[in-house]
Each structure stands twice: as structure tokens, then as C-alpha cells.
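Computed from a predicted model, the values in this text were never measured in an experiment. One-based numbering along the sequence shown.
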Amino acid sequence: MEAKPLPVEALDNTLMIVEMVESYDSVFERKLRFPAVELPDGWDEAEALWALIEEGLESRLGEVPSDYWDQGRYEHKVICDMGYAPYFIPLHYIIKEAKKRGIPIGPGRGSAGGSLVAYALGITDLDPIVHRLIFERFLNPERKSLPDIDIDVDESRRDEFIQMVREMYGDEFVAQICTYGTIGAKNALKDANRVLGGTNEKGLWYSSQLPPAKFGRSPSLKEYTGPKDEVYELATGLEGTTRNEGIHAAAVVMSPVPLRDLLPLRRPGGDSSEPWVTGFDMHEVESLGLVKMDFLGLRNLGIIDECLRVLTVRGGEQLLLPCLPDECNDRATYELLSSGFTLGVFQLDSPGMRGLLRQLKPSRFDDISAVLALYRPGPMGANAHTEYARRKGSNAGWKSEWAIHAELEEALKPALAQSYGLIVWQEQVLEVLKIVCGWSYAEAALLFDAMRKKNHAKMEATKPEYFASGKSQGYSEEALGELWGVLVPFADYSFNRAHSAGYGLVAYWTAYLKANYPVEYMSAVLSSVAEDPDKLPGYLEEVNRMGIPLLPPDINHSGVGFSPGPKGIHYGISAIKGVGEAVFNAVASKRPFSDLDDFFRRAPAKALNTGSLGALIASGTLDGLTPYREELWFAREALSGRATRDRQERRNGQKPLYRIAYGVGNSNLKSTEQRQEWERTYLSTVLTRSRVDLIPTRALTEDELYWLRDLLLRNPGDHEIQLVIGRVRLDLPSANWPVVQQAVANLGVFQ
């Protein structure tokens, strides 16, 4: 069958349309497109930025030292020469407005903490001069690259934050950035097997021929060890292809012109109230010169804010948390960190991290910053984390044997003494190169980047210059060679000090609040994980270990989340499985209830359906209205139905005839075991205790052993707690703990 020729008119019309389409060269041109900035009349961006810098430094420091003015002028010149002033100005106003609205913002994240301009503008709360941070790690005038400032925002208010940005700069000029999920090696094998008719079991077998994920990196088909058959061949074509579209967890793009003029946009679910989402991913967005800003949700900021709010309400004065290293000096905080009981402390609550803290015993802010930098695969692979702990424990000062080379000992003390001769932070590499080679930080950053990115060609090209510069400073080739051999591997896995300082502050704040205000802090922690069934039980156990009474939920007194009280922490009603915040809000509007009859008469319908009512009964929330939990449970369906009928009768204007009759007073139904089972189900913990519950019937964990040892040291004469040895198996690590072993003979019941 021959194809019919197209009509000439169709070809002419096609050509006419082609000629009518305007060129998109200007749209896709790579040029900087910063958000529009409103400036005072007659001012340019450079003048406006300097005015903000002056105002910010004077507000933070009062009498501004000369070295701050010098650094501020230097950074201002670099930023303006690179054309980035329009990046900093809108970000200043965004953060200022967020703080005005009470949205918690993190003190700093990533290399931006090294910028004094960012500190002056309130974008970060890290004083880079005091924290010994380096601006060139953030922006290097020798290598033009866009600024990258990430902002941590309270996770629960991130949507509010993005809505605020939309209001400030216009809905058409702000959008979230899409992501495209790709097919990994395991799913590629499973999909290929399914398409070729294989069973699910066979697909699982194929995927098992891949090695397990290592350090969070999923394997690729290059590491596949199974048969290279048709399933494998088809999978190689699938790996890396796009599977689905999503929304980036942090990235937001801002534009000086309506975004629809530059790239495709969509509304999630077609909802006009939702922010626009780009049809391009972040790499394509950045290729257009548009500014991508990362606003990341951080749950711990909300925890800190809630704890401070409660303390302010209770004490009347706002508690101010320190931002300078010398101010982070609370003794109880470092005792807590050294004990390793840091569950709930930001970045320091994993089992491995807790073990390292016990070994290292932090005593200053630099130790916290170092722990965050060292507890990663690279430094741990080189045993740098335990070496830091060993050196810290052997001597608090500098030792000659820690020097990389005798010639370099005195010269490198200013850069390495604080970390006992080890290179922990990336900024130290820059300091060392500046000292030894006489380079500027900007020049040192070029070689450092090559080392960090394992760019061997660039490293080899720079090596002669390194040796020549070092020799010109008076150092021998031997000393320079030893230093090179240390710098290359350390640069690969050294950590950004600005980031570890910013996150170190958040870690210190959370540890400080846990150590000094345990009830208020742990209440906030529990509320933040109330709806997470994986995390809640562990934090409930931690509250128990700390000796803080966990009070049962109460229909008249409990809050939506966990709340602190003079006698302990009150269990939050919304945290009860099967209840939730909507039920709490409906109940709270009707409180207080005088008795059970009053509850069934006035409680909202949401609380009286069988599911919610059963959860309230089983969890003990209604125990304050009646002590007969079991009888109420068995009658819950009848009571729910009767309450519904009574409500309908009142709605119809009939006289209420509702009375509760369920045989109260039958104490024979009370069962401790049944109540405990209900509480495990609905509360993720047991609040109804019997004496035998206090006796451990399992191996004690390492945390519990440390707790036991500390208890003995605090209470050497306490004989009230008895141990039933036959019910306890004590698994001790290889380390000999005579104090703990002696404790087995006397103590052991946890209370």
C-alpha cells in the first residue's frame, strides 16, 4: 500500500507556523536570573548590600572591631564583583520575615556559615571569625560559582515558610522544583523478570545477586554476580531510566520574571492553592541561570522552639541559647554527652555515636564539632575518630609527636592544635596550605578542590607549584612530601567545619535542654514523634530510663501532645493509636467532663464512634471518670450506639432519656495483664505496673549497664532496690567494669 502524498497546503501551513515561532535562544540562554530586588531611590545592589552589612554588624556586635569591618569589606567586594548581591538581599528579607513570624530557622548549614556577610544579614547565626571559618570555602573569587545557601526551617512549618515566600515575591515568580525518580538495579531486574514472565520469587532471586547497599549507596548492575541472561540484558536497558515524578524535598526556585515564560509549570493535583512545581529538574533549572534555594525541614528546630515556649510561659523570661563556642560551657551538658545518654539529642543519638561520645568524653564545643565531622565512613575507615579520642584522653594540649614533621611542628600549631594534630575539617587544609605555601585562601581552595574531588590530573599539575611555594617559605622537600602524603587522603574525607559548627550548635542546644530541663525537653521530643510508631517506643523507654514519671492520658487534663507537668510528662491524647488530633480538638472544646454520664452526653461524635471510644477506654484516658476500665470496654459498642441515639433524640427535640447502665462496681473484671496489653497496643508502652514488671528478664543493654553504674556512683548506700539474680542475665562487654559487676550482687531493678 503506497502512502498518499501530503497536500501542498499542509506543507505550506507547516512552514508558515515554523516561521511564526519566535526564537527560544534568549529563553534558554545561560545567564544569571536573580529575584527582583526593590532598592531605595538612586541606590544600586552594592550600596544596598553594604547598608545591610553595616546595620547587621552594628546590631550584632555593638562596637564593631576593625577586623570585622575589614572582612566585611573584602566579602562585599567579592560578592559584588561576582554579581551576587541580588542573591543575598532577598534572602536577608526572607529570613527576617520568617523570624518575625516566629518560624524557627537553623543557625547555619553548609559552607555559608563561613561568610561574615551572611552572619551580618541574619542568614546565619555563626560568627565566622570566632568559629574560625573561612569565606573562600563558600565563595572563591578565583573560581566563579553560584552561591549555595541552604536554610533549615522547622519541619512542621516549612509549608508555611514557602507560602510566606510566595506572598513576598508573587506566586508566579516562586515554584518548587520537581525531581525524577529513576529505576535502580534491583527494580530493573525485578521489572525485567516480570516482563519476561518470571515469578515474583524468581525476581527476588535475581535482585539477591546484587551486593547489599553500602554507606547508603545502592549497588548498580556493574556489581551484579548472577547469570548474564535475557533478564540481565533487559535490565541493563531499564537501569537509570525515569520511573516517576516527584517534588524535591527542599529546592525552591525564584525568578525575576514570571516562571511560565521560562519553563513548564504544574499545580500538584490541579489545586490552585498549591505552589507551582517546575517541569524541569534542578539541573535544568540551574542551567537557565535561575536561582535555586534549598529550604530544608528540620524536626529538631520545632522541638527546641516548643521547649523554649513552655519554659518562657512557666518562667516569664525567654531562655537565650548560646551561639559562640566559649558560651557553650554548661557542665551538665558535657556530663550528659560524655555519658552517651544522648537519645533525642540532634545528630548524636545513634548507638555508634553514643559509643564514640563515651570514649571521647566531650568537654568543649570543638569536640562536638569534631564528633560530627569524624563519625562518617571516611574518617572512621582511617580510624581518625578513635585516634582523636585517644589523643584527647592522653593530653589536653599539643604534643610534639602529633606533628606531621618536625620542621612543621611550630608552624602548624595554630591550625592543628585544637584537633590534636589531626586534620578534621576542610578549613584546616586551607589553613595549612596558606601557612606552608604562602598562598591566599582563594589559591589554596583551588588545590583543595582538586584533592577533595580526586582530580588527579589537576593535583599533579599543581604539585610542582606546591613544592616550589613551600621551599620558598623555607621548608625542605622531605617535610613537604610528608605533608602532601597526609593532605591528599585527609582532604578527601575532611568535613566542612562551617556545617559541623552550625549543626554542632543545634546538637549543643538539644543536649543542654535535655540535661537541664529534661521534663520539658522530652515532652517536646515525644510530641514530635507521637505519630511515628517506629520512633515513639524508643523515646518512651528513654523517658523511663531517665526516671521521669510518664502519666497516663486523661480526658480532662491531657493536651494534644505530650506535655510537662510538676509530677512528670502527661501522655498526649493525639498520640493514642486510633485517636489523632482531630478527635482531641473536638473533645477539648467540650471539656471538662464531670463524670461518665456527662462525657457520653456531651462528647462529640468523633470521640464516640466505636474505634475512637475503644482507644480512649483501653488507653486509660477515661479512668478519671470511672475506675472500671474493663467493664467500659466490654460495653463500648452498646454505649456508642446509645450515645448516638440520644444525640439524635435531642436533635429532634425529644426529652433525653439517656442513662448509663453497665453494672459499675464489679472489681472482679479488673485485670492488670489485660490493661498492660491494651497499653502496649494503644500507647506503645506500659503504664499499669505490677511489682514483677520491675524485674528485668532479659539481657541488659549497654545503655542500661552505664545507667546502673552511674546509679551506684550516685547512691552508694542505697539498699532499697533489690536484684533477683535468677531473673537477670547480665551480658558484659570485654571491658572489665568492676563497679557494674559488683552492682549485680546488690542492685538491678529499674524504677
Side-chain angles (χ1 to χ4, degrees), residues 104 154-160 297-310 313 344 519-544 548-565 567-593 596 599-600 602-625 629 632-633 636 640 643 675 678-688:
D154 175 8
E155 185 177 67
S156 66
R157 301 184 69 179
R158 182 174 177 271
D159 290 344
E160 179 186 347
L298 190 61
R299 177 174 60 90
N300 299 78
L301 294 177
I303 294 173
I304 294 169
D305 186 61
E306 173 60 18
C307 184
L308 294 179
R309 184 193 66 78
V310 170
V313 169
V519 174
E520 292 82 2
Y521 181 72
M522 291 309 296
S523 294
V525 170
L526 289 172
S527 292
S528 74
V529 297
E531 297 181 9
D532 189 332
D534 295 324
K535 292 182 178 179
L536 181 58
Y539 289 118
L540 290 171
E541 282 296 318
E542 176 68 359
V543 167
N544 182 50
I548 300 173
L550 188 60
L551 308 176
D554 185 282
I555 194 65
N556 280 329
H557 303 293
S558 291
V560 60
F562 293 83
S563 54
K567 296 183 179 180
I569 296 176
H570 295 272
Y571 204 102
I573 289 179
S574 70
I576 302 169
K577 193 177 297 182
V579 178
E581 190 169 343
V583 173
F584 169 81
N585 291 334
V587 168
S589 65
K590 303 291 185 180
R591 295 194 300 190
F593 301 104
L596 202 56
F599 172 77
F600 278 105
R602 294 193 302 109
K606 286 183 179 179
L608 294 178
N609 65 63
T610 305
S612 298
L613 180 60
L616 292 172
I617 294 170
S619 61
T621 308
L622 302 182
D623 283 4
L625 304 180
R629 193 189 307 184
L632 205 56
W633 169 266
R636 68 189 185 284
S640 175
R675 293 190 176 195
W678 281 333
E679 289 165 4
R680 289 189 190 95
T681 301
Y682 290 97
L683 303 179
S684 300
T685 189
V686 173
L687 302 180
T688 300

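- N556 places a side-chain N or O within donor-acceptor distance of the main-chain N or O of F593, the cut-off being under 3.5 Å.
- Crowding of E160 atom CD: a count of heavy atoms from other residues, nucleotides or ligands under 6.0 Å exceeding 12.
- Relative ring orientation between W678 and W633 is described as tilted, the plane-to-plane angle lying within the 30° to 60° band.
- Considering every non-hydrogen atom in both A615 and I576, the closest pair reads O-CG2, 3.9 Å.
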**OP:** Would you please test L550 and L683 for side-chain contact (heavy atoms from CB on, under 4.5 Å) and show each step?
**Re:** CA-CA 11 Å; L550 188 60; L683 303 179; over 6 Å; no
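- Among pairs with a residue in residues 570-582, none fulfils side chain to side chain donor-acceptor pair (under 3.5 Å), at least two apart in sequence or across chains.
- Proximity of R629 to I617: side-chain heavy atoms (C-beta onward) are separated by under 4.5 Å at one or more points.
- No donor-acceptor distance shorter than 3.5 angstrom exists from the side chain of R157 to the backbone of P104, with no hydrogens or angles considered.
- Across every non-hydrogen atom of S612 and G578, the tightest pair is OG-O, 3.8 Å.
- Contact between S523 and P564 at its shortest, heavy atoms only, is OG-N, 3.4 Å.
- In this structure, the side chains of L687 and T685 come closer than 4.5 Å at one or more pairs of heavy atoms.
- When every heavy atom of G344 is checked against every heavy atom of V525, the shortest pair comes out as O-CG2, 4.4 Å.
- Atoms CG and CD1, on D154 and I304 in that order, are 10.0 Å from each other to the nearest 0.5 Å.
- The shortest distance between side-chain heavy atoms of L625 and F600 does not fall below 4.5 Å.
- A heavy-atom distance below 4.5 Å is not found between the side chains of P549 and K567.
- The backbone N or O of T688 sits less than 3.5 Å from a side-chain atom of E679, completing a donor-acceptor pair.
- Taking each heavy atom of V587 and A607 in turn, the nearest pair found is CG2-CB, 3.6 Å.
- Residue pairs meeting the salt bridge (charged side-chain N to carboxylate O under 4.0 Å, His left out) criterion with at least one partner in residues 297-307, sequence neighbours excluded, are E306-R309.
- One finds the CG atom of L301 at 11.5 Å from the OG atom of S528 (value rounded to the nearest 0.5 Å).
- From M522, atom CE reaches atom CD1 of I303 across 9.0 Å, with rounding to the nearest 0.5 Å.
- Formation of a donor-acceptor pair under 3.5 Å by the S619 side chain with backbone atoms of L616 is found in this model.
- Taking each heavy atom of S684 and L540 in turn, the nearest pair found is O-CD1, 3.8 Å.
- A distance of 6.5 Å separates CZ in F562 from OG in S527, rounded to the nearest 0.5 Å.
- Within the model, atoms CD of E531 and CG of L536 stand 10.5 Å from one another, a figure rounded to the nearest 0.5 Å.
- R636 pairs by the side-chain hydrogen bond (donor to acceptor under 3.5 Å, both in side chains) definition with nothing, not counting sequence neighbours.
- Looking at residues two or more places apart in sequence or on another chain, you find no side-chain hydrogen bond (donor to acceptor under 3.5 Å, both in side chains) involving D532.
- Not a single donor-acceptor pair under 3.5 Å links the side chain of T621 to the backbone N or O of I555.
- Scored by the side-chain hydrogen bond (donor to acceptor under 3.5 Å, both in side chains) test, D554 finds no partners at all (sequence neighbours excluded).
- Side-chain contact between P552 and D623 is absent, with no heavy-atom pair separated by less than 4.5 Å.
- Sorted by first then second residue, the salt bridge (charged side-chain N to carboxylate O under 4.0 Å, His left out) pairs that include residues 606-618, not counting sequence neighbours, number zero.
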